[in-house]
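All values reported here derive from a predicted model rather than from experimental measurement.
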2 protein chains.
Amino acid sequence: MARLADPALAERRRREIVEAAMGCFRRRGFHQASMQEICAAAGMSPGALYRYFPSKSDIILAIAEVHHRDAEDLIAGIANGADVTENLVALVRDVVGRCGEDQPLTADVLAEAMRDPELARRFSDHVQHKQRRLGAAIAAGQRRGSVEAGIDPDTAARLVTVLMDGLILRAAVMREKDPEILIAAFRAFVERLLKPAPKEVPGPQSRVSKTSKS
Amino acid sequence: MARLADPALAERRRREIVEAAMGCFRRRGFHQASMQEICAAAGMSPGALYRYFPSKSDIILAIAEVHHRDAEDLIAGIANGADVTENLVALVRDVVGRCGEDQPLTADVLAEAMRDPELARRFSDHVQHKQRRLGAAIAAGQRRGSVEAGIDPDTAARLVTVLMDGLILRAAVMREKDPEILIAAFRAFVERLLKPAPKEVPGPQSRVSKTSKS
DNA sequence: ACCTGAACACCGTTCAAGT
DNA sequence: ACCTGAACACCGTTCAAGT
């Protein structure tokens, strides 16, 4: 890659390319969209594009970064609000709602991450960051008494984020299905997990041993 | 595609090709692996291969079918066993355990399904089938009294399968992380969801117990 | 009928040549 | 410095020619 003299121009070109590529990838998929298409959409020649991105993979890497920044903004909103459960449900509804829009892109990013170690690392960092954010929000809720005190915030955050990702995946795969059923189930789960229980005596109950086999 | 005279030979060839392709795709990814590589691995020329599969996409379609059949066999095992929770945990541990093996393939299939309507339909059917199977197992558990009677089996099945998929996804993305933490959280969730509660006193539910293998 | 392998249109990427 | 666009090696797919 040649030397770039003007950082402002370089930044602008990179944004133009990412913008154009996101459109192409959304419509046609990462591997189906050709560099020629992206060049046409960005209004420049292959030679020009390759000055700013050394390969097609690097474009998807930049797209993943945009996605992750957006997602982290959303999660940050949760930490601020008072009712963690309602915020989570609203977030899930929002993401599930614009389903056909970014999920194909996310799936492409995920599939790429399976082979590209750099992308995998960033993905992993992003997930951990999300989890920590949510864990902090849950701990804050516990201090305020709006979240059940007896649970481990990190474990709860892990469960909730895993469930959220699974849910979004599911909604993406089954496009036309009614998403409200999924969202209701998610809400029920989060409420069950986080809702404070009346706190009499915390005697550790032994698990039910199953004795009956039919 | 030319006429195929001997169905037995055709079946054998298709199996050989799928076998070879699975190896290539696992190692290199769906779009990274070339048809030449697959041909070499299957020991035949491009022309021969294209007699049995009209395109590369059709090979991944066949692979998805194999995956789905395997997964349904595993789920069927759960319906037979007595302790639904333990069976689910064992299943998750098994899938998460051979993580780097098939997950990249699954991710490729998923990404393809985002563009390929036929693949999407099969994926969706498979998920629904899995869910119904698990719902039936949970309902059976309720009849035996080993599962909390107050929950809706279908909703519970939906939640558990969504969580399982999310978990497998997570384990695939964060390859080297300790999977037992995830599995323990999954177990805690399933126990909390399915465990029968004592009927008379609605006391606080016990927290997560660390280890108990029956 | 079954297979080979050169050929075709197109892909991601490069680089000599323009301004 | 920045860009163009032909060229390169290779891709998925086809098809005339062999057996």
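The nucleotide D:dC3 finds no pairing partner, because no Watson-Crick or G-U wobble arrangement with both distances shorter than 3.5 Å includes it. Across every strand in view, D:dA17 sits unpaired, with no contact that passes the Watson-Crick or G-U test at under 3.5 angstrom. Under the Watson-Crick or G-U wobble criterion, with both distances below 3.5 Å, D:dC8 is paired with C:dG12.
With distances taken from any side-chain atom of A:Ser55 to the nucleotides C:dT13, D:dC3, C:dC2, the minimum falls on C:dT13. Picking from C:dG12, D:dT13, D:dC2 the nucleotide with the shortest atom distance to the side chain of B:Lys56 gives D:dT13. Listed nucleotides: C:dG5, C:dG12, C:dC2. Nearest to the side chain of B:Leu4: C:dC2.
Residue A:Phe53 contributes atom CZ, which lies 15 Å from atom P of C:dT14 at whole-angstrom precision. Between the CZ atom of B:Arg51 and the C1' atom of C:dA1 there is a distance of 6 Å, given to the nearest Å. Taking atom CG of residue A:Leu49 and atom P of nucleotide C:dT14, one finds them 12 Å apart after rounding to whole Å. Look at CD on A:Gln32: it is 14 Å from C1' on D:dC11, rounded to the nearest Å. Taking atom CZ on B:Arg28 and atom P on D:dC11, their separation rounds to 8 Å, with Å as the unit. Rounded to an integer number of Å, the gap from A:Met44 CE to C:dG18 P is 23 Å. A:Phe25 places its CZ atom 12 Å from the C1' atom of C:dG12, with the value rounded to the nearest Å. One interatomic measurement links the two molecules: CD of A:Glu37 to P of C:dC11, which rounds to 7 Å at whole-angstrom precision.
Across all non-hydrogen atoms, the minimal contact from B:Val109 to B:Leu119 is O-CD2, 3.6 Å.
The shortest distance between the side-chain N/O atoms of A:Tyr52 and the OP1/OP2 oxygens of D:dC3 is below 4.0 Å. Here A:Arg13 reaches the OP1 or OP2 of D:dC3: one of its side-chain N or O atoms lies under 4.0 Å away. At least one side-chain nitrogen or oxygen of B:Tyr50 sits closer than 4.0 Å to the OP1 or OP2 atom of D:dT13.
A:Ser34 comes within contact range of the sugar-phosphate backbone alone, with a heavy-atom separation under 4.0 Å but no base atom that close. Note on B:Ala10: nothing from the nucleic acid sits closer than 4.0 angstrom, heavy atoms only.
Here the rule is side chain to side chain contact (heavy atoms under 4.5 Å, CB included) with B:Phe186, and of B:Leu163, B:Thr85, B:Val96 only B:Leu163 fits it. In summary, of the residues considered (A:Met35, A:Arg14, A:Met22), a side chain to side chain contact (heavy atoms under 4.5 Å, CB included) with A:Ile59 occurs for A:Met35 alone.
For B:Arg121 and B:Asp125, the salt-bridge test passes: some basic side-chain N is under 4.0 Å from an acidic carboxylate O. With salt bridges taken as basic N to acidic carboxylate O contacts below 4.0 Å, one links B:Glu16 and B:Arg12.
Of the two residues near DNA chain C, A:Gln36 and A:Ala48, the one whose nearest nucleotide lies more 5' is A:Gln36.
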